[in-house]
Amino acid sequence: SRRSAVALRLTMLLSPDHLRPRGEVLRVGDDSFTAATLLDRARRHLGALAAGGVGPGATVAVWADGSVESAVALVAHAMGGVVSVPLNPA
């Protein structure tokens with residue numbers, strides 16, 4: 001299923017054994033991201049959350065519209081132990 005494929009890719013992305021800094025791990029429209037680029041953006045997102053007092057165990061809503069920003073947020077939250085609550089705009 002699509003959900004399983006997303007979970008598998010996320011697991012592979014977050015696993016140092018499977019990290020491929022030069023390989024494409026995310027494509028949204030015409031934008032594609034390597035693992036290194038996605039992880040860099042996710043770390044910056046986590047930094048912004050931490051600056052606002054949000055840390056591991058916190059619950060954060062994500063506008064899950066299929067954008068790059070929502071994908072980055074979901075990866076960042078998984079990395080930082082933040083609970084994501086996806087909100088579907090449909």
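Counting from 1, the numbers follow the sequence of the chain as shown.
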In sequence, state the C-alpha distance, the side-chain angles, and the governing distance for Phe33 and Val72, and then conclude on side-chain contact (heavy atoms from CB on, under 4.5 Å).
CA-CA 10 Å; Phe33 295 86; Val72 168; over 6 Å; no

In Å and rounded to the nearest 0.5 Å, what is the CG to CG distance from Leu26 to Leu74?
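Output value for this atom pair is 10.5 Å.
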
Let me check something: do Val75 and Val28 share a hydrophobic cluster, defined by ILVMFWY side-chain heavy atoms less than 4.5 Å apart, either directly or through other members?
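Cluster IDs for Val75 and Val28 match.
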
Side chains of residues 41-51: which donor-acceptor partners sit under 3.5 Å, not counting sequence neighbours?
from: Arg44; atom 1: NE; to: Asp40; atom 2: OD2; distance (Å): 3.3
from: Arg44; atom 1: NH2; to: Asp40; atom 2: OD2; distance (Å): 3.2
from: His45; atom 1: NE2; to: His77; atom 2: NE2; distance (Å): 3.2

Report all side-chain donor-acceptor pairs from residues 55-66 shorter than 3.5 Å, counting only partners two or more places apart or in another chain.
from: Asp65; atom 1: OD1; to: Ser67; atom 2: N; distance (Å): 3.0
from: Asp65; atom 1: OD1; to: Ser67; atom 2: OG; distance (Å): 2.7

